[in-house]
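Reading through the structure tokens given below for one structure.
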Amino acid sequence: MSKSFGAMSVAQLSVLIQSGAADPVDVAEAVFETIGNYADKAVFTVLTKSRALEEARASSKRLWEGRSLGLLDGIPIAWKDLFDIEGLVTTAGSVVLAADAPAKRDAAVVNLLRQAGMIAVGRTNMSEFAFSGLGINPHYGTPVNPRGSDLPRIPGGSSSGAGVAVAAGLVPVAMGTDTGGSVRIPAAFNGIVGYKATRGRHAMDGVYPLAKSLDSLGPLCRNVRDAVWIDAAMRGRTAPDIVERPLQGLELLVPENIVFDGAEPGVVAAFEAALERLQQAGARVSRAVIPAFNEIFDLMTRYGPLVTAEAFALHHQRLAGPDADRMDHRVVMRTRLGAKTTLADYLAILEARGRLIADVERLVGDRLIAFPSVAHVAPPIAPLEEDDELFFATNNKTLRNTALGNFLDSCGVSIPCGTGDAGMPVGLLLSATANRDEALLGIALAAEPVIRGDFA
């Protein structure tokens, strides 16, 4: 039993802990043993074993005394290396921050989940400064996708270690951030669930930024139920308040533009098969062009990406000094492109963004949008490390579908829907317009088993 604690869902493990069948201390010790025995040492950047065992002992005492804090009491969680953890330096996947002062307090959401009784086991690896959808990190190593059976494949980024930690059965849940797809991409590539909340739904205090007008948070976990439970605690709720919604009469909109361009046949086949299953379960599907999708990429071509402009504003002094030589050269190259976006350009992007968000809200209404989370499965690592041109082209394609949601301030859940090339996982992305997280998650609860089919 102990060896499988990290491979359980949050809900499964909660039943054991709340019933007394598993003690939080035993769970924590087993999780650290599993992590220690795992061959890939690039998944975590630091483990917080002393803190975790202290928290586990406190949880065990509460449960013994009948004072459980709720469903999440005693559940282990891993944190992306963007979240402040008291006493640790937040390095954001970079060596240039390693000499910074340790955090004086936990990030707001770390504190909220601690108050819910969760056990912080450590920090997970990531793309440097969260600025890549591939998950490659030359400083701390690149976590290898555990779903690959032929050769080492990328984990997806930027929440790379988070995706691998869950998919490999090391922890039941890991927290990520999402600025252009950094939760949904590793979820899709690793065959797990990733929920990106509407920006502003969760407190960002103590989270190292990339682009504040796009940054959002969300968990990577085994199923939608787990995401619902974690989301509630991230908002300070003592219990989940989202209920399952029926699939009968659910209206799905499948875009006919952008998201299928250059898609691998295996990805399209898995997506369409899941869509057919949803229709058989009572969902209604319509297909249409979403003009805003084209205009978003036209804006990027004309003014540069919003994320790049804001990343340059954040890092421009660092890029002008010696730190640039210590950073991933691909992150430096991409960030410096933000210098081309003038203030007038930036304001024009923001003005257009507001208009496009309103356009999509009118077009979509209460429907959910459905398309592949990523148009391809996780590619091999080695060619991307060796060829910068291939790296950038693959990064752009990897981020393309998910980045639309960040620009439009939508919320989304990536759910495994099958496999594509080399037997690698494919994700189906369900998205709703801004602040419709409750509706999205309620529908996703009902849709998940249908979308998964026989995917395990």
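Counting from 1, the numbers follow the sequence of the chain as shown.
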Do Ile415 and Arg452 come within less than 4.5 Å of each other through their side chains, counting heavy atoms only?
yes
Taking salt bridge (charged side-chain N to carboxylate O under 4.0 Å, His left out) as the definition, give me every residue that meets it alongside Arg302, ordered by chain and number, with sequence neighbours left out.
none
Under the side-chain hydrogen bond (donor to acceptor under 3.5 Å, both in side chains) rule, collect the residues that match up with His139, sequence neighbours excluded.
Glu128
Apply side-chain hydrogen bond (donor to acceptor under 3.5 Å, both in side chains) to Arg123 and list each qualifying residue two or more places apart in sequence or on a separate chain.
Asp81, Thr90
Looking just at side-chain N and O atoms, do Asn137 and Asp328 make a donor-acceptor pair shorter than 3.5 Å?
no
Please identify each residue that fulfils salt bridge (charged side-chain N to carboxylate O under 4.0 Å, His left out) with Asp388, with sequence neighbours left out.
none
Across all chains, not counting sequence neighbours, the side-chain hydrogen bond (donor to acceptor under 3.5 Å, both in side chains) partners of Asn294 are Asn257
Which residues share a ring-ring contact (aromatic ring centres under 6.0 Å, His included) with His376, sequence neighbours left out
Phe189
Does the side chain of Arg318 reach to within under 4.5 Å of the side chain of Leu97, using non-hydrogen atoms?
yes
Could you give the side-chain donor-acceptor pairs of residues 367-374 under 3.5 Å, partners two or more places apart or in another chain?
unit_1: Arg367; atom_1: NE; unit_2: Val364; atom_2: O; d: 3.3
unit_1: Arg367; atom_1: NH1; unit_2: Ser286; atom_2: OG; d: 3.1
unit_1: Arg367; atom_1: NH2; unit_2: Leu363; atom_2: O; d: 2.7
unit_1: Ser373; atom_1: OG; unit_2: Ser414; atom_2: OG; d: 2.7
unit_1: Ser373; atom_1: OG; unit_2: Gly427; atom_2: O; d: 3.3
unit_1: Ser373; atom_1: OG; unit_2: Leu429; atom_2: N; d: 3.4

Check residues 157-177 and write down every donor-acceptor pair under 3.5 Å in which the side-chain atom is one partner and the other belongs to a residue at least two apart or another chain.
unit_1: Ser158; atom_1: OG; unit_2: Lys80; atom_2: NZ; d: 2.6
unit_1: Ser158; atom_1: OG; unit_2: Ser182; atom_2: OG; d: 3.0
unit_1: Ser159; atom_1: OG; unit_2: Lys80; atom_2: NZ; d: 3.0
unit_1: Ser159; atom_1: OG; unit_2: Thr177; atom_2: O; d: 3.4
unit_1: Ser159; atom_1: OG; unit_2: Ser182; atom_2: O; d: 2.8
unit_1: Ser160; atom_1: OG; unit_2: Asn125; atom_2: O; d: 3.4
unit_1: Thr177; atom_1: OG1; unit_2: Lys80; atom_2: NZ; d: 2.7

For Phe83, check ring-ring contact (aromatic ring centres under 6.0 Å, His included) against everything at least two apart and list the hits.
Trp79
Name all residues meeting the side-chain hydrogen bond (donor to acceptor under 3.5 Å, both in side chains) criterion together with Glu272; count only those two or more places apart in sequence or in a different chain, and write none if there are none.
Arg287
So, do Thr179 and Glu310 sit near enough that their side-chain heavy atoms are less than 4.5 Å apart?
no
Considering only heavy atoms from C-beta outward, does the side chain of Ile290 approach that of Val360 to under 4.5 Å?
yes
Just jot down the ring-ring contact (aromatic ring centres under 6.0 Å, His included) partners of Phe44, sequence neighbours excluded, or say none.
none
4.5 Å side-chain heavy-atom contact, Cys221 and Tyr195
no
Under the rule for ring-ring contact (aromatic ring centres under 6.0 Å, His included), what residues qualify as partners of Phe260, not counting sequence neighbours?
Phe271
Hey, does Arg400 have a side-chain heavy atom less than 4.5 Å from the side chain of Ile258?
yes
